[in-house]
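To start, the structure under review is shown below, and the notes come after it.
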Amino acid sequence: MDEFLATPHCLAGTRGSDKMAPGSPGSSSRASSAQESPRRDALTQMSLELAAISANMLTRQDKKELVADLRSAIREEVAAVRQDLSALEHRVDELEVQRLQAEQQQRATDLATSRQGNLLLELRRQVEDLENRGRRNNIRVRGLPESEGESPREILEGLFTQVLGEGAPPDFGLERAHRALRPPRRDGLPRDLICCFQSFQLKETIMRAARTQRTITYMDSRVSLYHDLSPLTLDARRALKPLTGLLQQKRIPYKWGFPFSLQARVNNRWLAVRWPNDVPRFLRAAGLPEIPVPNWILENPPTRPTGPTVPAENLMEDTQQRSPIRREGPGASEE
């Protein structure tokens, strides 16, 4: 307070260096009063301001209370944050457990799906084999002209008599004979004639005799005899045509097996293709270059086209006439 009550610097020079001539005592007193009055006012104003500042200043007790309140608020905030972190950690642990359970379930589902897929493929293979076994006594004849009111049984018996020659039996024992069960072809070519024999041996005798003849002409038409195969088998053989063409180019003997398989003899051992994923391994084992082969089961399997071009004809010719060794029919071995 002494500092604030000291004489201001602006008034300090008036004390010791008064250069006015000494006057009368009355005039000197009035001059001093006039000079002291602004000083007192300034001091009073300063005192008032200091008093206001002092009233607004915090006491030690106020500071302690303020610090205690701040500490309490900080403790509450920290406790809330810790609680949130604990809850978040618990949720993260639950999510980790759920993720592990989901991974285990996914692996189990994938394994079950894979097993079911393999089972379905095996069922497909067995159904295909059953269908081929149901057709094992059939012969499909292509090239015979089609006319209204024809008798397929008489036409086929005359054809088979010509094929067998003197060894033809008096009765071929045909259970049924008919044209292919589909609308007439748009290109005007005749539909195939299909017949079923009571005797599998007689049917095989006719097919062997037909293979020994370079061409068969009947009713002024060139005729071809084929085994009656299921559409699944024809689709698979059509898809493997690039592979059979490569085997023919390399002069590697091959044959078709039942249930479906393509078997080739390489370096005195048999290699087989049963499924599309067997093709790369087959090519590596046979020392052949990689070639694209369609997946005839899952990925866009080939469809049997209709119209002027029928690849199945070339396919049957390929499987029955060009193969160096061949064994047709459900009785063929797999290995």
Side-chain angles (χ1 to χ4, degrees), residues 1-122 275-281 284 290 292-295 297-301:
M1 295 293 294
D2 294 338
E3 295 178 359
F4 291 101
L5 297 177
T7 303
H9 293 287
C10 60
L11 301 178
T14 60
R15 277 188 180 179
S17 58
D18 190 1
K19 298 183 180 180
M20 295 181 62
S24 62
S27 63
S28 174
S29 176
R30 288 193 297 271
S32 290
S33 298
Q35 294 177 356
E36 291 292 336
S37 179
R39 185 184 303 170
R40 285 195 299 271
D41 294 340
L43 293 176
T44 301
Q45 182 66 27
M46 294 176 62
S47 298
L48 293 175
E49 293 177 357
L50 290 175
I53 293 173
S54 177
N56 293 329
M57 291 181 61
L58 298 176
T59 63
R60 179 174 297 179
Q61 184 64 27
D62 293 337
K63 293 179 180 179
K64 289 182 179 180
E65 293 177 356
L66 180 59
V67 171
D69 292 341
L70 289 175
R71 288 178 178 175
S72 177
I74 292 173
R75 288 194 189 98
E76 293 178 358
E77 293 293 335
V78 171
V81 171
R82 288 178 178 174
Q83 185 177 2
D84 293 341
L85 289 176
S86 178
L88 183 61
E89 182 180 3
H90 180 67
R91 292 182 59 185
V92 170
D93 292 340
E94 289 182 348
L95 290 175
E96 287 291 335
V97 172
Q98 294 176 3
R99 183 184 65 82
L100 293 177
Q101 293 177 351
E103 289 182 355
Q104 294 175 357
Q105 293 177 357
Q106 183 64 36
R107 286 195 292 268
T109 302
D110 293 342
L111 180 60
T113 302
S114 177
R115 290 177 177 175
Q116 291 176 359
N118 294 334
L119 178 60
L120 289 176
L121 290 177
E122 185 60 29
W275 308 108
N277 54 6
D278 292 337
V279 175
R281 182 171 55 252
R284 289 193 299 269
E290 294 185 3
V293 175
N295 188 322
I297 295 179
L298 299 178
E299 299 176 2
N300 300 323

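Values below: every heavy atom of this structure, side chains too, minus hydrogens, waters and symmetry copies. Computed from a predicted structure; not experimentally measured.
Salt bridge Glu96/Arg99: present, at least one basic N to carboxylate O contact under 4.0 Å. Between Arg281 and Asp278, at least one side-chain nitrogen of the basic residue sits less than 4.0 Å from a carboxylate oxygen of the acidic one, meeting the salt-bridge criterion.
Residues Ile297 and Trp275 come closest through the heavy atom pair CD1-CE3, 3.3 Å.
Within the 4.5 Å cutoff, the side chain of Thr109 has heavy atoms near those of the Thr113 side chain.
One finds the NZ atom of Lys64 at 13.5 Å from the CG atom of Leu66 (value rounded to the nearest 0.5 Å). To the nearest 0.5 Å, the span separating NE2 on His90 from CD on Glu94 amounts to 3.5 Å. The CG atom of Asp69 lies 11.0 Å from the CZ atom of Arg71; values are rounded to the nearest 0.5 Å. Separation of atoms CZ (Arg82) and CG (Leu85) is listed at 9.5 Å; rounding is to 0.5 Å. Between the CZ atom in Arg75 and the CD atom in Glu77 there is a gap of 13.5 Å [rounded to 0.5 Å].
Between the side chains of Gln106 and Asp110, at least one donor N or O sits under 3.5 Å from an acceptor N or O.
No more than 12 heavy atoms of other residues, nucleotides or ligands shown are found within 6.0 angstrom of CD on Glu89. Within a 6.0 Å radius of CD in Gln83, no more than 12 heavy atoms belonging to other residues, nucleotides or ligands are found.
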